[in-house]
Amino acid sequence: MPELPEVEYAARQVRAAVVGRTVRNLKALHASQRRRLSARDCARVRGATIESVDRHGKHQLLRLSTGDVVVVHFRMTGDWLIDAASAPVPKFARVTLELDDGARVSLVDPRALSTVQVISGEKAFLPRLGPDAADATVSVDTFGAALARRRVPIKVALLDQRVLAGVGNIYAVEALWVAKIDPRVVASSLTHARQARLLDAIRAVLAKASRSSGQYRDADVGRFEVYDREGEPCSRCSAGIRRITQAGRSTYYCPRCQRR
DNA sequence: CGTATCCTGACC
DNA sequence: GGTCAGGATACG
């Protein structure tokens with residue numbers, strides 16, 4: 001489950017492989033991909049040069065010489081696999097990008113929920129995203145103002161990409177633990193002090209994750225404080241970690257030291 | 001505002 | 001063989 005640090009790592013990986021290269025071929029191999037990435041879109045990017053790769057939240061943006069942008073989102077299980085176009089198509093490859101140097105970048109995704117689309121400029125979706133969660137210039141006031149408008153539990157608000165783009169389930173849960181805030185608290189009710197503590201906590205958990213390899217592994221789950229630790233003792237106060245469902249997603253928290 | 005939907009491997 | 005997870009979005 002790639003979160004922002006993993007997407008940052010993936011963006012660096014693909015950047016090294018594609019920048020300055022020309023697209024020989026873009027293919028959607030899976031029916032679910034073809035809904036957003038038509039044969040026409042694929043034909044349109046053929047021959048274009050990839051000028052840069054940016055990331056905003058968990059979106060990766062491949063900017064082309066034509067002004068078009070290939071926008072990629074890994075969702076749950078997407079990842080890049082880079083090899084030679086002459087090699088067999090990798091298992092679970094959903095979209096492939098072949099380059100003029102013979103390299104092939106495959107979007108591998110067992111669950112096929114990833115999305116790839118070609119847009120002519122980013123305006124089509126960027127207004128829907130808040131500032132990037134890793135953007136250190138976001139002020140407490142900006143963050144707080146976004147929360148003040150939401151009458152949903154703070155955990156649910158953190159998952160809303162219009163608040164901060166790139167905060168996923170794991171780090172939302174971890175940040176609330178670090179900030180000692182009960183995930184069920186209504187977002188708009190947070191005091192300024194708690195908003196500041198939470199923003200710091202989000203930055204801390206993302207920075208910590210970025211310092212590790214940046215590649216998600218199952219073993220990493222064991223390093224989280226509360227995520228996937230239902231029933232285990234809180235490392236701060238030893239109370240049993242609880243799991244609840246909020247907006248259809250698992251929330252883990254310490255019922256003793258995360259306060260309302 | 002909440003909920004169904006996509007998709008398929010993993011797990012019971 | 002049925003159920004579930006889960007980010008984002010569409011819908012009620």
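Below, each value reflects all heavy atoms present in this structure, side chains not excepted, and no hydrogens, waters or symmetry copies. Residue numbering restarts at 1 for every chain, and letters A, B, ... go by the order of the sequence lines.
- In this structure, A:K58 atom NZ and C:dT9 atom P are separated by 11 Å, rounded to whole Å.
- The two residues A:A157 and A:V163 make their nearest non-hydrogen contact at O-CG2, 3.4 Å.
- Looking at heavy atoms from C-beta onward, A:R75 lies out of side-chain contact with A:P2 at the 4.5 angstrom threshold.
- Between A:Y227 and the phosphate of C:dA5, there is no side-chain N or O to OP1/OP2 separation shorter than 4.0 Å.
- Applying the under-4.5 Å side-chain rule to Ile, Leu, Val, Met, Phe, Trp and Tyr, the cluster around A:L99 extends to A:V14, A:V18, A:V19, A:V23, A:L26, A:L37, A:V45, A:I50, A:V53, A:L62, A:L64, A:V70, A:V72, A:F74, A:W80, A:I82, A:V95, A:L97, A:V105, A:L107, A:V116, A:V118.
- Hydrophobic cluster membership for A:V156: A:V152 (Ile, Leu, Val, Met, Phe, Trp, Tyr linked by side-chain heavy atoms under 4.5 Å, directly or transitively).
- Atom NE2 of A:H59 and atom P of C:dG7 are 13 Å apart (whole Å).
- To the nearest angstrom, P of C:dG6 lies 14 Å from CD1 of A:I244.
- Judged by the 6.0 Å distance and 45° axis criteria, A:R236 is positioned over the aromatic ring of A:W177.
- Phosphate contact (OP1/OP2 of C:dG6, side-chain N/O of A:S250, threshold under 4.0 Å): present.
- Residue A:H73 has a polar side-chain atom (N or O) positioned under 4.0 Å from OP1 or OP2 of C:dA8.
- Within the 4.0 Å cut-off from OP1 or OP2 of C:dA5, not a single side-chain nitrogen or oxygen of A:R249 is found.
- Hydrophobic clustering, defined by side-chain heavy atoms of Ile, Leu, Val, Met, Phe, Trp and Tyr closer than 4.5 Å, groups A:L29 together with A:V89.
- Applying the 4.0 Å criterion to OP1 and OP2 of C:dG7, one finds that A:Q161 has every side-chain N and O outside that range.
- In this structure, CD1 of A:I170 is placed 8 Å from P of C:dG6, rounded to the nearest angstrom.
- Residue contacts shown for A:D109 are absent, as no nucleic acid heavy atom lies under 4.0 Å away.
- Residues from residues 143-153 of chain A with heavy atoms under 4.0 angstrom of DNA chain B, sorted by number: A:R151, A:V152.
- For A:R260, the CZ atom sits in a packed shell: over 12 heavy atoms of surrounding residues, nucleotides or ligands are nearer than 6.0 Å.
- Rounded to whole Å, the distance from CD on A:E230 to P on C:dA5 is 11 Å.
- Reading DNA chain B from its 5' end, the first and the last nucleotide to sit under 4.0 Å from a heavy atom of chain A are B:dC1 to B:dG9.
- What separates CG of A:L164 from P of C:dA8 is a distance of 13 Å, to the nearest Å.
- By the side chain to side chain donor-acceptor pair (under 3.5 Å) test, A:S114 pairs with A:D109, sequence neighbours left out.
- Distance, A:L159 CG to C:dG7 P: 7 Å, rounded to whole Å.
- Across the interface with DNA chain C, nearest-nucleotide mapping of A:A247 and A:R243 shows A:R243 to be the residue nearer the 5′ end.
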